[in-house]
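Just so it is clear: chains get the letters A, B, ... in the order the sequence lines come, proteins before strands, and each one is counted from 1.
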Amino acid sequence: MPELPEVESIAKCLRNGSATNPSLIGMCINSATLHWQRSLVTPSSDDFISRIQGQEIDSIYRRGKFLAFQLSRDTLIFHLRMSGDLVIQQGEEIPTRHVRLTLELEKGYTLCFLDPRKFGRVWLVSQPENIFAALGPEPLDENLTAEKFYASLKAVKRQLKPLLMDQSFLAGLGNIYTDEALHRAAIHPLMISNQLTQKQAAALLDSIREVLIEGIQRNGASIDWVYRGGDFQNHFRVYHRVGEPCYRCGTPIERIRVGQRSTHFCPNCQNLRNK
DNA sequence: ACGAGCGCCTGTCGGC
DNA sequence: TGCCGACAGGCGCTCG
């Protein structure tokens, strides 16, 4: 799915508008149509449709990989998981495939939740904090200091790759940005968290922030058939680069399986030993 | 506490 | 051409 930079890019686009779509701030939701029941977690579809009707979009924000719409009375929350996307259409141009939820807005605009794989989820709640309760800190939050990050790494004994992707440890990293951050910090994905030095922990936090900021500046990454307009995919240093030379040392990039996920790294720069 | 495996889904791609 | 397996930006669950 979209990771933090992709969700941030989508949130910005819906909030500020773009060349092809208006800002949704201030728009009223006239009606809602649910096309795939299981996309909706809560409330029931009948309650969802009646409750959301007539509410206005006050603000749009991101928390971890969640995308939230603060409405007049409730909060509408999306998790795009692997293949979800939110697009605005006008008039009769409603896509026919992969549409799981549509919100009919003012002036003929429709917000479409597209999700080929149907893994995405939607909530309409009065207390959004409950949905976000299990999330760890935001990686770009200044309050997350290198000292705090080091302490949290020392507090557990886990492989870095799955740990960094654990949303209760840190909110927002997924498979791509985790691999990219570990490579930039020259740390092996299977290194055990409590073995990092303070210096390595600081470098890792810096690298995480670097890749996320670059991803946001490039409007995220668009890979496979899911094109969202970003171009960070053209700047990956390890992801999808198996066998190609490491930009730092020329060694071919390798791929291993960690927790059922493809993990890309440079076996020379990111050595488990001597670190 | 932690990691591995699996289920949830549809689509694409490469090999034969 | 058609079939088949591998693979895909995530996460919750169970089982050792």
Side-chain angles (χ1 to χ4, degrees), chain A residues 1-11 35-42 62-67 77-86 95-101 113-123 131-136 139 152-182 189-195 208 211-212 214-216 218-243 255-264:
Chain A
M1 123 166 173
E3 303 180 32
L4 186 155
E6 289 74 35
V7 179
E8 182 71 33
S9 298
I10 293 170
H35 303 268
W36 182 254
Q37 294 290 327
R38 297 191 59 178
S39 297
L40 181 63
V41 178
T42 191
R62 176 195 61 74
R63 172 76 172 97
K65 301 177 195 172
F66 289 90
L67 184 58
I77 300 173
F78 290 87
H79 194 305
L80 307 177
R81 295 278 187 101
M82 292 286 262
S83 62
D85 199 3
L86 286 168
T96 51
R97 296 183 83 193
H98 314 314
V99 182
R100 310 306 175 202
L101 172 71
F113 172 49
L114 309 178
D115 186 22
R117 293 180 71 178
K118 300 177 177 172
F119 289 166
R121 292 293 180 263
V122 182
W123 297 256
I131 307 291
F132 307 142
L135 291 179
S152 66
L153 288 164
K154 294 299 255 187
V156 289
K157 191 174 177 178
R158 293 179 58 185
Q159 297 170 338
L160 283 177
K161 169 79 188 237
L163 178 62
L164 294 176
M165 288 182 64
D166 182 337
Q167 301 300 298
S168 66
F169 179 78
L170 194 62
L173 286 184
N175 207 35
I176 295 178
Y177 291 88
T178 300
D179 283 3
E180 294 295 323
L182 285 167
L190 294 183
M191 188 163 175
I192 304 302
S193 60
N194 69 346
Q195 294 176 354
I208 289 169
V211 294
L212 292 176
E214 189 180 340
I216 291 170
R218 297 187 184 281
N219 293 313
S222 305
I223 60 171
D224 296 336
W225 76 100
V226 186
Y227 182 74
R228 293 192 176 87
D231 84 322
F232 188 56
Q233 69 278 9
N234 300 322
H235 302 271
F236 293 160
R237 297 190 191 173
V238 286
Y239 190 80
H240 269 195
R241 293 196 66 242
V242 183
R255 178 172 67 186
I256 55 173
R257 284 262 153 196
V258 182
Q260 307 302 107
R261 306 304 297 276
S262 279
T263 299
H264 312 72

Discussion item. If I take atom CE in residue M82(A) and atom P in nucleotide dC7(C), what distance separates them, rounded to the nearest angstrom?
Written reply: 13 Å
Discussion item. Counting runs of three or more consecutive pairs, Watson-Crick or G-U wobble, with each distance below 3.5 Å, where are the stems of DNA chain B?
Written reply: B:2-8 with C:10-16, B:10-16 with C:2-8
Practice prompt. Could you pull out all residues at least two apart from Q167(A) that satisfy side chain to side chain donor-acceptor pair (under 3.5 Å)?
Written response: none
Worksheet item: Taking OP1 and OP2 of dG10(C), is either one under 4.0 Å from a side-chain nitrogen or oxygen of S83(A)?
Response: no
Practice prompt. Decide yes or no for I77(A) and F132(A): does some side-chain heavy atom of the first lie under 4.5 Å from some side-chain heavy atom of the second?
Written response: yes
Response to the item:
Heavy-atom nearest pair, S83(A) first then P116(A), reads O-CD, 3.3 Å
Worksheet item: To the nearest Å, how far apart are W36(A) CH2 and dC8(B) P?
Response: 12 Å
Practice prompt. Can you label the angle between the F232(A) ring and the H235(A) ring as parallel, tilted or perpendicular, going by 30° and 60°?
Written response: parallel
Item to complete: For nucleotides dA6(C) and dG7(B), find the distance between their P atoms and express it as a whole number of Å.
Response: 15 Å
Practice prompt. When you get a sec, tell me which of dA8(C), dC8(B), dG10(C) is the closest nucleotide to the side chain of R38(A)?
Written response: dC8(B)
Practice prompt. Please state the P separation for the pair dC9(B) and dC4(C) - nearest whole angstrom.
Written response: 22 Å
Worksheet entry | Nearest-0.5 Å distance, CD of residue E8(A) to CD1 of residue I216(A) | 5.0 Å
Worksheet item: Closest to the R97(A) side chain: dC11(C), dG11(B), dC7(C)?
Response: dG11(B)
Discussion item. Just the rounded figure in Å: distance from C1' of dG7(B) to CZ of R261(A).
Written reply: 14 Å
Response to the item:
Quick note, M165(A) side chain, CB onward, closest among dG10(C), dC9(B), dG11(B) is dG10(C)
Worksheet entry | Face-to-face stacking of F119(A) with dC8(B), centres under 5.5 angstrom, angle under 30° | yes
Item to complete: Find the distance D166(A):CG to dG12(C):C1' and express it as a whole number of Å.
Response: 12 Å
Response to the item:
With T263(A) as partner, the option from R255(A), R257(A), Q159(A), K161(A) fulfilling side-chain hydrogen bond (donor to acceptor under 3.5 Å, both in side chains) is K161(A)
Practice prompt. For dC9(B), take OP1 and OP2 only and decide whether either is under 4.0 Å from a side-chain N or O of R121(A).
Written response: no
Worksheet item: Is any side-chain N or O of H240(A) closer than 4.0 Å to OP1 or OP2 of dC7(C)?
Response: no
Atom pairs, protein N/O to nucleotides 1-4 of chain B N/O, distance under 3.5 Å:
from, atom 1, to, atom 2, distance (Å)
dC2(B), OP1, K157(A), N, 2.7
dG3(B), OP1, Q159(A), N, 2.6
dG3(B), OP2, R158(A), NE, 3.0

Item to complete: May I have the distance from K65(A) (atom NZ) to dG12(C) (atom P), rounded to whole angstrom?
Response: 10 Å
Discussion item. Using whole Å, what does the distance between atom C1' of nucleotide dC11(C) and atom CG of L173(A) come to?
Written reply: 15 Å
Worksheet, complete the sentence: Whole-Å distance, Q37(A) CD to dC9(B) C1', equals 17 Å
Discussion item. Is it the case that atom NZ in K157(A) sees more than 12 heavy atoms from other parts of the structure closer than 6.0 Å?
Written reply: no
Worksheet item: Taking CG from D115(A) and P from dG10(C), how many angstroms apart are they, rounded to a whole number?
Response: 13 Å
Discussion item. Could you check whether any side-chain heavy atom of L160(A) comes within less than 4.5 Å of a side-chain heavy atom of L153(A), counting everything from C-beta outward?
Written reply: yes
Practice prompt. May I ask you to evaluate whether K118(A) reaches the phosphate of dT10(B), defined as a side-chain N or O under 4.0 Å from OP1 or OP2?
Written response: yes
Practice prompt. Taking the side chain as every heavy atom from C-beta outward, state whether E214(A) and E180(A) have any atom pair closer than 4.5 Å.
Written response: no
Discussion item. Looking at every heavy atom in both N175(A) and E3(A), which two are closest together, and how far apart are they?
Written reply: N-OE2, 3.4 Å
Practice prompt. For dT10(B), take OP1 and OP2 only and decide whether either is under 4.0 Å from a side-chain N or O of H98(A).
Written response: no
